[in-house]
Protein chains: 2
Amino acid sequence: MAAPDPRIDTKVRLVDAAEKLFSEHGFAATSLRAVTAEAGANLAAVNYHFGSKEGLVRAVFDRRLGPLNDERLRLLDECERAAAPGRPPELDSVLRAMTLPWARMVKESSASGIQFVRLLGRAHFEPDPELRRLIVASFREVVRRFSAAIHRSVPALSQRELHSRFFFAVGAFTVIADLPTFSLFAVDGNAAAEEQIGGLDTVVEHMIGFLRAGFLSPPVDVPGRGALLP
Amino acid sequence: MAAPDPRIDTKVRLVDAAEKLFSEHGFAATSLRAVTAEAGANLAAVNYHFGSKEGLVRAVFDRRLGPLNDERLRLLDECERAAAPGRPPELDSVLRAMTLPWARMVKESSASGIQFVRLLGRAHFEPDPELRRLIVASFREVVRRFSAAIHRSVPALSQRELHSRFFFAVGAFTVIADLPTFSLFAVDGNAAAEEQIGGLDTVVEHMIGFLRAGFLSPPVDVPGRGALLP
DNA sequence: GTCTATATAGCGATAGAC
DNA sequence: GTCTATCGCTATATAGAC
């Protein structure tokens, strides 16, 4: 626990501290007292700068999700420009456009990388409706554009199955934080987790290979075929 | 909110109520007052029966995870018995052994199905170390046995890549709860979610197809080849 | 086993001095 | 912008009557 750098703006220090503690303990279990102590700020500072605890939570997500998803869309634009006219963009480069901004952000985040992955993962299970709306809104365009791009590589997929597959891929992102803790060999989960982030590039390559094959596999769901199970 | 059935044991009613409320709002955000009210029991009942709130949380997971994973292992045994001697068990049936007990439990849970998926998913991101140990222990044998079984279908995989792929598959399970809320069309996430669980069998078939292809794809990680990225 | 009543502690938020 | 002090509330947990 390094002492917070007083040259950094209090507002920034609060978001940094909140990101770290929310990642470690969840939103509900993290008190403003803990956040302000970690940030070296006064208890009243959160309400002064963010209006409420929820305002702070929003600020934590806002700072990350906007840039993350903008960069993904920018890379997707590049993929589509690079594609031959009338041809779908390369599936591999589309998957990289989804993945690389995320990997970069994990490595650069002020919370230790693995904690930040947990924070993003936990966002998908967030029960608070207000916060859910914020998160869903941040991902909306990414879901739309990437689904469409992938669909062009696998046009035989129904909308439903495309949607399912896209989220199976999202699931792969979310569990990377837990990959090491559930390892059979990991005794100290956190140490193993840090080492895993060191090998993040390798895991990313594993993931792209895995997802590419999943997306390219023939459709299971043939529209209009009726029930799939007995 | 149906009135609780007083013929059911208080202890059981408490676990039922807790499962439902934990699923909807998370652990930290659910008070014992809410649980006992939902269960039609006295506030003091939780401490009498479970010692503490944490005891209740443990009881909720204990009741589900043991039987879920036992059933998975039982089905895996069947797959392995059904395989020709010296041959790996059918990958498809191995994936079903992992999936079907889960799908059955989702449909039968006292919490509404989609909420229960969230509860199980949230288990993977649980910050509390005590609870994490319980959960990891519950999955330990499943991870070991299923990884080994899948490895026999794709023997070229390194241990590392096998491990990565296995958890990408786990990720697919966890996001099924979010599939509908992140839908482009869903306005009311919860209504859409309930409908999705109605179509759970379809999503399960999508998932098995997707995962099969992912597992069978050629390895990315060739042991001893060195760094994968520039 | 179930109840009421309460102890003890921590929470988010704010008023008002500096 | 930052601080102290405190309000009002809710939480978990328990003691003791029934």
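Predicted, not measured: the structure shown is a model, and the values here were computed from it. Every chain is numbered from 1 and lettered A, B, ... according to where its sequence line falls, protein lines coming before strand lines.
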Checking side chain to side chain contact (heavy atoms under 4.5 Å, CB included) for the pair A:Asp16/A:Arg63: CA distance, chi angles, key distance, verdict?
CA-CA 10 Å; A:Asp16 285 344; A:Arg63 181 175 67 166; 2.9 Å; yes
Considering only side-chain heavy atoms of B:Ala44, which listed nucleotide, C:dA13, C:dC3, C:dC11, is closest?
C:dC3
Out of C:dT2, D:dT2, C:dG12, minimum distance to the side chain of B:Thr10 belongs to C:dT2
Just how far, in rounded Å, is [atom2] of [N] from [atom1] of [X]?
| X | N | atom1 | atom2 | answer |
| --- | --- | --- | --- | --- |
| A:Leu14 | D:dC3 | CG | P | 11 Å |
| B:Asp9 | C:dG1 | CG | C1' | 10 Å |
| B:Glu54 | D:dA13 | CD | C1' | 14 Å |
| A:Phe27 | C:dG12 | CZ | P | 14 Å |
| B:His25 | D:dA11 | NE2 | P | 13 Å |
| A:Asn47 | D:dC7 | CG | C1' | 14 Å |
| B:Leu43 | D:dA11 | CG | C1' | 10 Å |
| B:Phe50 | D:dT14 | CZ | P | 16 Å |

Check A:Val106, A:Thr99, A:Val204 against A:Phe173 for a side chain to side chain contact (heavy atoms under 4.5 Å, CB included) and give me the one that passes.
A:Thr99
Of A:Gly40 and B:Tyr48, whose closest DNA chain D nucleotide lies nearer the 5' terminus?
A:Gly40
It should be established whether B:Asn42 places a side-chain nitrogen or oxygen under 4.0 Å from OP1 or OP2 of nucleotide C:dG1.
no
Side-chain N or O of A:Ser31 versus OP1/OP2 of C:dC11: is the shortest distance under 4.0 Å?
yes
Less than 4.0 angstrom from a charged side-chain N to a carboxylate O is my criterion; do B:Asp9 and B:Lys11 meet it?
no
Is a salt bridge present between B:Glu78 and B:Arg74, judged by a nitrogen-to-oxygen distance below 4.0 Å?
yes
Within the structure shown, what part of the strands sits under 4.0 Å from B:Thr36 by heavy-atom distance: base, sugar-phosphate, or nothing?
nothing
More 5' along DNA chain C: B:Ala45 or A:Lys53, using each one's nearest nucleotide?
B:Ala45
Output the distance between atom CZ (B:Phe210) and atom NE2 (B:His206), rounded to the nearest 0.5 Å.
12.0 Å
Between the base of C:dG10 and the side chain of A:Arg33, is there a donor and acceptor pair under 3.5 angstrom?
no
